[in-house]
Amino acid sequence: MPDFRLTRRHLLASPLALAACGSAPSTPPLGPVSPLKDLAPCPVGVCGMSGQFDDAGWRDVVLTHFSQFTPEWEMKMEAILRPDRSLDFTLADRCADFATDNGLRLHGHALVWYSQGAEAFAGLDRKTFAADYDRYIREVVTRYRGRTVGWDVVNEAVAEDGDGLRSHHWSEGLGDIDHIRRAFDVAREADPESILFLNDYNLENLPRKGATFLGLVDKLLKAGTPLGGIGSQFHLDIDIPDGQITAFLREAGGFGLPVHVSELDASLRSDSRIDLRSAGERQARQTARVTELAEAFMALPPGQRYAFTVWGARDTDSWLRRDERDDGRDSPLLFDASGTATPLYDAVAGALASG
Ligand code: G3I
């Protein structure tokens, strides 16, 4: 028996609302849902890549529902930095042009990441290492100055278990915290306007990692680093204890900076865990956690709601569906493969529209 709950999305934009007046079929199909960007009092972001730009279904979802765009990988070193440390902006330009041509805010992602750049910077003397590090950041940020509203300047600086900062070629070459401060300083000099973010994941899931991250934010701010925003990715574990998401966002909001929910997805996969729950029970858990996140984000002062960004338009666009552990059934996003809203659309739309 179909579920004819009068949820917000049904009332907002479908024949069901008309059915109440007796002028529409009694059992209408699920109609189109309201554009998220019209419901939300803040930017609603999505990631994507140039290979999707000619996919009509993808464009329809993105251009209908979203107001901000994060290049999923093509503004990173893996797409821009050549082995000789020359720069190729072909793919990054395509992403910037897509955002500009379609009236989307552009969020740059990501300048410095522990997982990229090691090969091109291997074996350099310190002077060359430092000069080319600065040059990379300066040339990339300058190129998109006036087009980006923000940048993830440093991505995933905190150790996996939250015990201090990660060690990698950037920290070994330029110092644990000095390479971070340097990146923000060079980015700020290249672009006085864009909001400069520190971005990381599992901050809500591992309180120790969240505490280390916020301790780093505090240290950078006290040192005068031009850190302008806090990015928390929220690749959610749907079994996170209730209230943990809210607790982290409340503490992160305490700095008074713009906060970016930067990469939301909520996998239904259980992976190695024995999961005796039904698909419906898992989906209810997923919806409850995403609702908590969206409501906690909306509890921030309006000036601190930088953007609410999901990491993919449709379930099948998700990086999680490209993972070898994918079971072909995961539904971590707000729209399914056909572009039809999933229960997570309801969760997000309901919370964002309440703002
Ligand atoms: O599309 C090209 C294909 O044309 C080419 O033949 C192939 C050869 O390597 O590469 C393909 O691009 C891949 C791209 O994903 C699209 O599938 C890149 O190699 C691959 O590196 C890229 O992976 C991205 C990953 O970050 C590394 O950049 C994922 O899409 C992206 O979802 C993931 O996103 C990260 C965030 O940046 C940081 N937070 C975690 C998040 C998930 O890992």
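Whatever order the structure lists ligands and atoms in, that order sets their numbers, starting from 1. We use all heavy atoms of the structure for the numbers below, so side chains are in, but hydrogens, waters and symmetry mates are not. Sequential numbering from 1 along the given sequence is applied to the chain's residues.
Near ligand 1, Met49, Glu72, Trp73, Lys76, Glu78, His109, Trp113, Gln116, Asn155, Glu156, Gln233, His235, Glu263, Trp311, Trp319, Arg322 each place a heavy atom less than 4.0 angstrom from the ligand.
Put simply, Ile180 and Phe197 are part of two different groups of oily side chains (I, L, V, M, F, W, Y) that touch within less than 4.5 Å, one to the next.
For Thr142 and Arg138, the side-chain atoms include no donor-acceptor pair closer than 3.5 Å.
Under the 3.5 Å distance criterion, the side-chain polar atoms of Tyr345 are matched with a main-chain donor or acceptor of Ser34.
Classified by interplanar angle (parallel below 30°, tilted 30° to 60°, perpendicular above 60°), the ring pair Phe53/Trp58 is tilted. Using cut-offs of 30° and 60° on the angle between ring planes, the pair Phe335 and His65 is tilted.
When all heavy atoms are compared, the tightest approach of Val62 to Ala313 is CG2-CB, 3.8 Å.
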